[in-house]
Amino acid sequence: MVKVEPFAVEQATSPISLSTKLTYGAIRGSEELRGHLARVYSAEALRGLPHDNILITSGAIQANFLLHYALVGPGDHVIVHYPTYQQLYSVPESVGAEVSLWKARENDGWTLDTEELKSLIRPNTKLIVLNNPQNPTGAIIPRSTLAEIVNIARSQSITIHADEVYRPIFHGVSPADSDFPPSLLSLGYENTVVTGSMSKAYSLAGIRVGWIAARNKAIIEKCMVCRDYTTISVSQLDDAVATYALAPHTIDNLLHRNIQLARKNLEILEKFVEAHTWACEWIKPRAGTTAFVRFSRDGRPVDDVAFCKLLHDKVGVLVVPGSQCFGRDGDFQGYVRVGYVSETEVLEQGLAKLSEFMRAGYVDDVPLAR
Ligand SMILES: Cc1ncc(COP(=O)(O)O)c(C=O)c1O
């Protein structure tokens, strides 16, 4: 007979006591959790961030939705950094705002041109949305560009939102570098708001904890009013795990582990790209956990959707088609997004299968983009 071991509870290290009554808990998120986040944002800014300027949400996906739902509507214009997580332009559109995409320059390392930003601004521009570090490219918006964006927005009283879920997974830029990107909240402009999450940098997607943190508390209050209709509070258990993960005795170890893993896996992915320059090219990511790799044949992009389907069906490896998931109007043909910060063995096995496919099926089976 199989002996079932009793569930092991390590009281000393448990993030929540077993005698905790499971109520709605703290409506805006526990003071302890918001306090840890306030400490993280305050550490890099000249001015501290009070914990009341932070609202806990069910992941960053809810944080982004709430923020855009609360801040923009019909008659407003929103400028969104592109390519990016589709939610960041689709939600403003769905609530009736006009959206302009501010395209990062692919042939210049995915950098942003602030002169172009100026040209996109209209009298009704309400919000500029950034994603730093950026999904899918793994590029960063450096400090100097962030400072220029702030100056432009300040001169027209436009609010800036940065989705910072991949912060602080920086592996290709050092904190000592003058262009190391600070959080948008550190740049001394009142109308700045960021969203963040436990899912990426802290590798705890399973607890569904994200947040909105704003310099201007009125933004938090607006979001709070809207959140009342969807979320009474975030699970007390999730809040407790996040509080534990962000506590001073845990956070540095957790981030160290994740940044090291990202760095190690990126080297492995780089070897793959270097071994397949006949078919793929990239701008090596400097941060985050995703890479945007362009696959081509004889200089022409492949059909990335067909490529991803074939790869999945033939060898069981899943990568994301760039034109379908990140492109508008036919952009990013041939690109695929590779999430490379899994366990190292999983990445190695996946890349071995991909190499096998590159040898045996790529040239004959993958069609070119139309
Ligand atoms: C840029 C970006 N923002 C937000 C999210 C949503 O994150 P969460 O898991 O915290 O809801 C994602 C998820 O992939 C993302 O890439």
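One-based numbering along the sequence shown. Whatever order the structure lists them in is the order used to number ligands and atoms, beginning at 1.
- There is no side-chain donor-acceptor pair under 3.5 Å between S155 and N151.
- Closest heavy-atom contact between L120 and T125: O-OG1, 4.3 Å.
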Tabulate below the donor-acceptor pairs under 3.5 Å that side-chain atoms of residues 265-275 make, not counting sequence neighbours, or state none.
unit_1	atom_1	unit_2	atom_2	d
N265	OD1	T344	OG1	2.8
N265	ND2	Y340	O	2.8
N265	ND2	S342	O	2.9
E270	OE1	K284	NZ	3.1

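- At distances below 3.5 Å, not a single donor-acceptor pair connects side-chain atoms of R167 with backbone N or O atoms of P133.
- Ring-plane geometry between W110 and F292 is classed as tilted, the angle between the planes lying from 30 to 60 degrees on a 0 to 90 degree scale.
- Every protein residue with a heavy atom nearer than 4.0 Å to ligand 1 is included here: G59, A60, I61, N64, Y85, N131, N135, D163, V165, Y166, S197, S199, K200, R208.
- The main-chain N or O of G334 is found under 3.5 Å from a side-chain atom of D304 such that the two form a donor-acceptor pair.
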